[in-house]
Amino acid sequence: MSQASSRLRFVPLAENHLDLVLQWLAQPHVKTFWAEADDPEAVRAKYRGKAAKKILGYIVEYQEATGASRPIAYIQHYEAWNVGPGWWPDAKPGVYGIDVMIGEPGLVGRGIGT
C-alpha cells in the first residue's frame, strides 16, 4: 500500500456531506465529468436516493502529515447491471463500477484518485 493510500479514509455519505458535494460539483474540473442538475435541491435528492439504488457513496478524507484530516473527494461503487438503463446497458451480474471525484482542485493530478 502506498503512503498516500494509507492516509485515506472512506466515510459513508451522510446528509451533512451534501453541501460539500454540491461545492465540489460546481468546480470546473469536476463539471467536465459530472453533469448534474442546476437545482441544488434536485442534486441533494439524487444523492440521498443513491443508496436505494444500491449506489454506495463515501466522502474520502485525507490525513495530513500533521495528523489532521480533511474531506477531499467523493467516491461511489455499485453493481453496474443494477443501476438502471443508460450507464451500463450490457453489464452482467458481478460487474461493478467505481466513480471518483477529487473535489479539491489542488489535489487533482497528484495520484490520489488512482
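Heads up: numbering here begins at 1 and tracks the sequence.
Using a cut-off of 4.0 Å between Lys/Arg side-chain N and Asp/Glu carboxylate O, K54 and E79 are scored as not salt-bridged. Between E36 and K46 a salt bridge is recorded (basic side-chain N to carboxylate O distance below 4.0 Å).
Side-chain atoms of R7 come within 3.5 Å of backbone N or O of Q63 as a donor-acceptor pair. When atom types are taken as modelled, the side chain of H17 and the backbone of V11 share no donor-acceptor pair closer than 3.5 angstrom.
Considering every non-hydrogen atom in both Q27 and P105, the closest pair reads OE1-CG, 3.3 Å. The nearest pair of heavy atoms linking H29 to V108 is CD2-CG2, 3.4 Å. Scanning both residues, P28 and T32, for their nearest heavy atoms gives O-OG1, 3.2 Å.
Taking 4.5 Å as the limit, some side-chain heavy atom of L8 sits within range of a side-chain heavy atom of Y62. At least one side-chain heavy atom of E104 sits less than 4.5 Å from a side-chain heavy atom of W24. Annotation: side chain of L13 is in contact with side chain of I59 (closest heavy-atom distance under 4.5 Å). Two residues are said to be in side-chain contact when any heavy atoms from C-beta on lie closer than 4.5 Å; V43 and V21 fail this criterion.
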Checklist entry - Does the pair E15 and R48 meet the rule for a salt bridge (Lys or Arg N to Asp or Glu O under 4.0 Å), with working shown? => result CA-CA 7 Å; E15 184 72 26; R48 283 183 198 114; 2.9 Å; yes
Next on the checklist: The test is side chain to side chain contact (heavy atoms under 4.5 Å, CB included); show your working for W34 and D99 and say whether it passes.
Outcome noted: CA-CA 10 Å; W34 291 68; D99 305 316; 3.8 Å; yes
Item to check | Residues Y58, H77; criterion side chain to side chain contact (heavy atoms under 4.5 Å, CB included); working and verdict | outcome: CA-CA 9 Å; Y58 303 86; H77 68 94; 3.5 Å; yes
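Neither L56 nor Y96 shares a network with the other; the hydrophobic side chains, linked directly or stepwise wherever heavy atoms of I, L, V, M, F, W or Y lie under 4.5 Å apart, form separate groups for each. Grouping the Ile, Leu, Val, Met, Phe, Trp and Tyr side chains by contacts below 4.5 angstrom, directly or via other members, places L107 apart from L20. I98 and I72 fall within a single hydrophobic cluster, where Ile, Leu, Val, Met, Phe, Trp and Tyr are joined by side-chain heavy atoms under 4.5 Å apart, directly or via other members. The hydrophobic cluster containing F33 does not contain V100, counting ILVMFWY residues as joined when their side-chain heavy atoms lie under 4.5 angstrom apart, directly or transitively. Follow the hydrophobic side-chain contacts under 4.5 Å out from I75 and you never reach V30; the two are in separate clusters.
Ring-plane geometry between Y74 and Y47 is classed as perpendicular, the angle between the planes exceeding 60 degrees on a 0 to 90 degree scale with a lower cut at 30.
Under the rule for a side chain to side chain donor-acceptor pair (under 3.5 Å), the partners of K50 that lie at least two apart in sequence or sit in another chain are Q76. Partners of D19 under the salt bridge (Lys or Arg N to Asp or Glu O under 4.0 Å) rule, at least two apart in sequence or in another chain, are R44. Partners of R110 by salt bridge (Lys or Arg N to Asp or Glu O under 4.0 Å), not counting sequence neighbours: none found.
Rounding to the nearest 0.5 Å gives a distance of 6.0 Å between CZ of R9 and OG of S69.
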